[in-house]
Amino acid sequence: MSQMSRLITDVIKESLQKVVKEQYGNLFEELLFTVEPTRDKAHGDFASNIAFLLSKKARKSPREIANHIVSILNQSIGHIATIEIAGGGFINFFLKDQIIYSFMQDIYQEKDEYGSVQVGNNEKMQVEFVSVNPTGPLHVGHGKCAAFGDALARVLKKAGFTVEKEYYINDAGRQIDLLGLTLECRYKQLFGEEIEIPEGGYKGDYMIDIAQDLKKEKGDTLLSLSKEEKTEIFNSYAVSKILQSIQKDLSDFQVNFDVWFSEKTLYQNHEVEKALNQLIKQGFTYEKDGALWLKTQQWGDDKDRVLVRENGSPTYFASDIAYHFNKWQRGFERVIDIWGADHHGYIPRMKAAVNALGLKKDFLEIFIVQFVTLLRNGQPERMSTRQGEFVPLRNLIDEVGVDVARYYFLMRDPATHLEFDIEQAKKTSMDNPVYYVQYAYARISSVFREMEKKNLSNKDIERKYESFHNEQEKLLAKNLIYFPEVVKRSALARQPYMICNYVTDLAGSFHTFYNNNRILDEDNLELTAFRLNLCRATRQVLKNALDLLGISAPETM
RNA sequence: GCGCCUGUAGCUCAAUGGACAGAGCCGCGGACUUCGGAUCCGAAGGUUGGGGGUUCAACUCCCUCCAGGCGCGCCA
């Protein structure tokens, strides 16, 4: 059932390649020409720039070359009705209507598989994201990272990559000690001790809740433990409680990870030590001021970086190096790290480290997610983790819902600053594209409910192509067959927002079609069948696209 | 000071180096006794922050300047 329909752009490309190889021989070498969907339908359904690129090498005008190519190509591509030359030398391809219709029919055969393309060659890939320290609840900025990483992984899977989603838990180091000390303090306060939260500790009220849970479970038995025992139990209790709440938030947000990777295990398994030893052995390190440094400047960093502090404890950077080496050892051919914007200064050293480890150059891709500003009626809401004032992701979900929150996070390039207006997001209008899209889905579902009421059987749907009845039908059908091309582009660009743009546009062409054409007509079963067919295919593509975004497709709203 | 991100219609944003820079919102004017009006149709709206350069072709690439955001720890 998962027969993957070939991309039409590939079909055209191959035909062009064949002709040009024959006609221009070696001039064809390394010719990076394109065949892509046109923006303006007056220019056909697909267009190629091949004649422009060839003209320099062949020393002929683009139009001349285009003419030559087209004269040979002529009608040899089965999918194409006509080929035109336009502008300075574009070659424009117009699809046969039957082909558009038959591709549309295939959608229903492929069902949930439709849109799958094979550009990843099953390359084993990892997407690591969120990876927030388990020292407090997720806020909206983390939500943006979560939505992006999750949707990206879905798109990559659809494009034929073998993808794992991973969350790296920073459960070792000083921050965790501070967290444990904070809990210890809150715990003691519950027994009447008058003590202050330690310097740099976590002041949020959630630590009091955790202390109360701990008191319920253990009573006062922890007060008398030794210092080592206390550290152990307070640290691990705090981490596990907070991690649980993070996991709950994420799964409610439709984000699920394949692997939760613990930093602590890197130390327990001596992987940090091993990674450091390897770097030392290869001569990429030196000692200065009592610390161990990595020569990251060698690979373009501003300055060299400390691996082991003067006091002998490894830096976060050191365990991160071990972590990335571990990823490599697990057989990933490529890993994608998604970081918040405050970490962007960290990129050069991490890339340098990957080089020092001798891993292949494009092994590590890093994407930076810019911050979110929450607006309420145009006024910004303050957010600062340091002050302990942040808007928890949980609150946003409760207020606008998962679908809306995810869509808003996903609809833009994550590298840009996002202004998220809460009041606007709650509106049920085109202010809010997610409803626009879901409405199209619900409408189609409603048409099928109506179909059953009128006893128009599903069998009537299975009709052969006659012809499209108007441009609105045809435009909708064309948009449906572009979906796999969009998946391909979105995956290669690592940009899920392209799916948002696509699905909004698709919903638009459906609404246009719907408002201008009667679908169910008992006096014209042929027409009814044809249009139901179109609706059925549209519903499937809306569903598949929304799935890539992790957004629900409701039958009623 | 250095580095990264951003700058497109009044607002929010599109446009793998390609054709006349496109949508939505706001504002204005309209729509079928019938399948969901959370919809549709129409007109209006631009020196793509400024200036150079590369190219057959630049919003896109390079240089420079301007504006906004973020980062420049033996913190994470």
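In what follows, every chain begins at residue 1, and chains take the letters A, B, ... in the order their sequences are listed.
Stem analysis of RNA chain B (Watson-Crick or G-U pairs, both distances under 3.5 Å, runs of at least three) returns B:1-7 with B:66-72, B:10-13 with B:22-25, B:28-31 with B:39-42, B:49-53 with B:61-65.
Contacts of A:Ser446 with the nucleic acid, taken as non-hydrogen atoms under 4.0 Å apart, include base atoms. Note on A:Arg412: only backbone sugar-phosphate atoms sit closer than 4.0 angstrom, heavy atoms only; bases stay farther off.
Between A:Arg518 atom CZ and B:U39 atom P the separation is 20 Å, expressed in whole Å. Distance, A:His417 NE2 to B:C13 P: 10 Å, rounded to whole Å. For A:Leu418 and B:C5, the CG to C1' distance is 14 Å, given to the nearest whole Å. Across the protein-nucleic acid pair, A:Leu506 atom CG and B:A14 atom P stand 20 Å apart, rounded to whole Å.
Side-chain contact, A:Glu263 with A:Ser319: a donor N or O sits under 3.5 Å from an acceptor N or O. Defined by atom type and a distance below 3.5 Å, a donor-acceptor pair is missing between the side-chain atoms of A:Gln175 and A:Asn170.
For A:Phe371, the side-chain atoms get nearest to B:C70 when compared with the rest of B:C70, B:C40, B:G36.
Stacking here means ring centres nearer than 5.5 Å and ring planes tilted less than 30 degrees, and by that measure A:Phe90 stacks onto B:A19. Stacking of A:His511 onto the six-membered ring of B:G37 is not present when judged by under 5.5 angstrom between centres and under 30° between planes.
By the 6.0 Å and 45° rule, A:Arg539 stacks over the aromatic ring of A:Phe448.
For A:His344 against B:G3, a side-chain-to-base donor-acceptor contact under 3.5 Å is present. With hydrogens and angles left out, the side chain of A:Asn92 and the base of B:A19 share a donor-acceptor pair within 3.5 Å.
Salt bridge status for A:Glu166 with A:Lys327: absent, with no side-chain N to carboxylate O gap under 4.0 Å. A salt bridge links A:Lys453 with A:Glu450; the closest basic N to acidic carboxylate O contact falls under 4.0 Å.
Sequence neighbours left out, the pairs with a member in residues 37-46 of chain A that pass salt bridge (charged side-chain N to carboxylate O under 4.0 Å, His left out) are A:Asp45-A:Lys478.
Within a heavy-atom distance below 4.0 Å of RNA chain B, no residue of residues 474-483 of chain A is found.
Test A:Asp337, A:Leu266, A:Val130 against A:Tyr168 for side chain to side chain contact (heavy atoms under 4.5 Å, CB included) and you get one pass: A:Leu266.
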